[in-house]
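Reviewing the structure listed below.
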There are 2 protein chains.
Amino acid sequence: MSIESQVVSPARFSAQIRSHALQTRIMDLILEQGLDVGDALPTESELAAVLGVGRNTVRESLKVLQALGVIEIRHGFGMFVAPNNFSALTDGLAFRGRLSLRHRGEEAMELIDVRQALESGLIGSAIDLMTEEQLGDLRGTMELMEAAAQAGKPLAELDAEFHRKLYAPLNNELLINLMDVFWKVYRQIHRALGSGPVDLGEQARVHWEIYQAVADKDKTLASERLQRHFDGIRLKLKDVAAR
Amino acid sequence: MSIESQVVSPARFSAQIRSHALQTRIMDLILEQGLDVGDALPTESELAAVLGVGRNTVRESLKVLQALGVIEIRHGFGMFVAPNNFSALTDGLAFRGRLSLRHRGEEAMELIDVRQALESGLIGSAIDLMTEEQLGDLRGTMELMEAAAQAGKPLAELDAEFHRKLYAPLNNELLINLMDVFWKVYRQIHRALGSGPVDLGEQARVHWEIYQAVADKDKTLASERLQRHFDGIRLKLKDVAAR
DNA sequence: AATGAGACATTGGACATCCCATCTCCTGTA
DNA sequence: TACAGGAGATGGGATGTCCAATGTCTCATT
């Protein structure tokens, strides 16, 4: 089959290939048996028997699949095909980001660049597709953010929610997940560095401006303000990275 | 420490939390010890001792970190901090894509949407930053593609290379990696479904048109042609999914 | 002195076994 | 009917043993 088709290099990584092959076999098994999200997998012991490997070995692969968001493991109950879950990317990316910050923080910047491109590039379509209800929802989040800012509470979660709702009209879960990952990674890096002073009022104001442009259906302005929003984030990150 | 700070839910996922915490501890250990890409980690046994868990348990976490592209494991030699590696996302996403194709192929479509947004949104900046040399490089790839098309050879790899080189000027590794992942996932899904007939000449022609717009520094046209390129891909995918 | 074969230590890979922790579900009791 | 608690199943984890791959070092050969 296609399991062994991805030859990477002579035999230097044969172990990795075997291990990866086992993961692939489990995923193929899921697909072949027609299992869907929420369905239960065979038990660890059964899998070990079926795949002809030891239970510990199969467990290593299962843990990987869990980390990749493919399966969900519930102690004492069983294993199940997982719903979409991008936490894997978060951890991996956050690690790379923190690692890079010890140099010149390039990867963290790249992350912002990608997010900026995605968001400012897609805001047009989002505005086109946004319903009145969704707009109202967005405004609700803004009002919560305003209240939080005045109360001196952190805006992080509301910030994420704002961006999530901004692109909800596109009805693209992958996109939402990706943006969520980027946001979390940024937060994690920021937290690891020890955030500098934050101006809550300013933060809320920037989002209000974006909201206004969206409410006015002014795609160009919205895109432009999003660009500036990310420019600001980039500057702040550069500040913090400079220590 | 911050290890136990991420409480998710009562105790239903306590095992996952512990497991995730162990991974985090290992990553933190890498960062705290100032290890950089290529540096060696302690041996499995040492890690197990330091972290106060069994070797099997540590191994499960290490395998996860390997899958996430954080470390590289070399049988008989040791474990090392890995260079950027996004293969993890590929596997996870490809699985989800294939799973979704059994329904209406939504996730595969979402993938195309994101890629379309990213590429057509960033082509402008790429054109701005592209040097003569990079443009020549791009043309070289196109000529190879043309030759391959006339020889009836598959264009897949050259297709990927074209898109990679298109955005090389942005100097954003994360972006390149992401696009690479999307491309691989698309390929994998396509292969899993059994590709229909492909018109190599048409495929090459589309890319020539994009190249021409880029060479002419016509951002609008390039963006438009990229859009259409992806529209084509989307249609083809819909065809195949319909079986 | 240069080279190559082979022994050796180290390290990860795999497995078997044993026991613990947690969950769900069923049963019995109030 | 509601609730408490136990039974059984399942994953979590530790330990020990052996296998396999790798790099290095030694030593004989040239």
Side-chain angles (χ1 to χ4, degrees), chain A residues 3-4 7-26 29-30 35 38-82, chain B residues 3-4 7-26 29-30 35 38-82:
Chain A
I3 291 179
E4 292 296 343
V7 176
V8 181
S9 87
R12 190 169 185 128
F13 300 105
S14 60
Q16 295 184 36
I17 292 177
R18 242 179 322 185
S19 158
H20 184 265
L22 187 54
Q23 295 159 26
T24 304
R25 283 176 67 192
I26 296 174
L29 189 143
I30 293 174
L35 300 183
D39 291 345
L41 272 70
T43 67
E44 291 184 349
S45 312
E46 282 171 350
L47 270 180
V50 169
L51 300 174
V53 296
R55 185 175 159 222
N56 271 326
T57 309
V58 109
R59 266 176 67 78
E60 286 173 4
S61 285
L62 289 170
K63 283 298 192 76
V64 169
L65 292 184
Q66 179 188 36
L68 295 183
V70 171
I71 65 173
E72 180 183 328
I73 304 180
R74 291 172 61 180
H75 190 176
F77 193 35
M79 303 180 293
F80 307 84
V81 179
Chain B
I3 291 177
E4 293 297 341
V7 176
V8 180
S9 92
R12 188 169 186 130
F13 300 105
S14 60
Q16 294 183 36
I17 292 176
R18 246 184 325 211
S19 169
H20 185 265
L22 187 54
Q23 295 159 26
T24 305
R25 284 176 67 193
I26 296 175
L29 189 143
I30 292 174
L35 300 183
D39 291 344
L41 272 71
T43 66
E44 290 185 349
S45 312
E46 282 172 351
L47 272 180
V50 169
L51 300 173
V53 297
R55 191 178 154 217
N56 267 327
T57 310
V58 160
R59 268 178 66 79
E60 285 172 4
S61 285
L62 289 170
K63 283 299 192 78
V64 169
L65 293 184
Q66 178 188 39
L68 295 183
V70 170
I71 66 174
E72 178 183 328
I73 304 180
R74 290 172 58 182
H75 189 177
F77 195 34
M79 302 179 294
F80 307 85
V81 179

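Here the structure is a predicted model, which is why all the values come from computation and not from measurement. In what follows, chains carry the letters A, B, and so on, assigned in the order in which the sequence lines appear, proteins first and then strands, with residues in each chain numbered from 1.
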Shortest non-hydrogen contact from [X] toward [Y]:
X       : Y       : answer
B:Ala67 : A:Val64 : CB-CG1, 3.4 Å
A:Leu29 : A:Leu51 : CD1-CD2, 4.4 Å
B:Leu62 : B:Met79 : CD1-SD, 3.5 Å
B:Ala82 : B:Gly69 : CB-O, 3.6 Å

Practice task
With rounding to the nearest 0.5 Å, note down the distance linking NZ in B:Lys63 to OG in A:Ser19.
Solution key: 3.5 Å
Problem - B:Ile73 CD1 to B:Leu65 CG distance, which is reported to the nearest 0.5 Å - result: 8.0 Å
Exercise for the section: Give the rounded distance in Å between these two atoms: CG of B:Leu51 and C1' of D:dG13. Expected result: 14 Å
Exercise for the section: Sort and list the pairs that fulfil salt bridge (charged side-chain N to carboxylate O under 4.0 Å, His left out) and have at least one residue in residues 41-50 of chain A, not counting sequence neighbours. Expected result: A:Glu44-A:Arg55, A:Glu44-A:Arg59
Practice task
Report yes or no: does A:Thr24 contribute a side-chain atom to a donor-acceptor pair with the main-chain N or O of A:His20 at less than 3.5 Å?
Solution key: yes
Fill in the blank from the handout: Rounded to 10°, the angle between the first-five-pair and last-five-pair axes of the helix from C:dA1-D:dT30 to C:dA30-D:dT1 is 10°
Problem - Letter per nucleotide, 5' to 3', of nucleotides 12-21 of chain C [B base touched, S only sugar-phosphate touched, - untouched; heavy atoms, 4.0 Å] - result: BBBBB-B--B
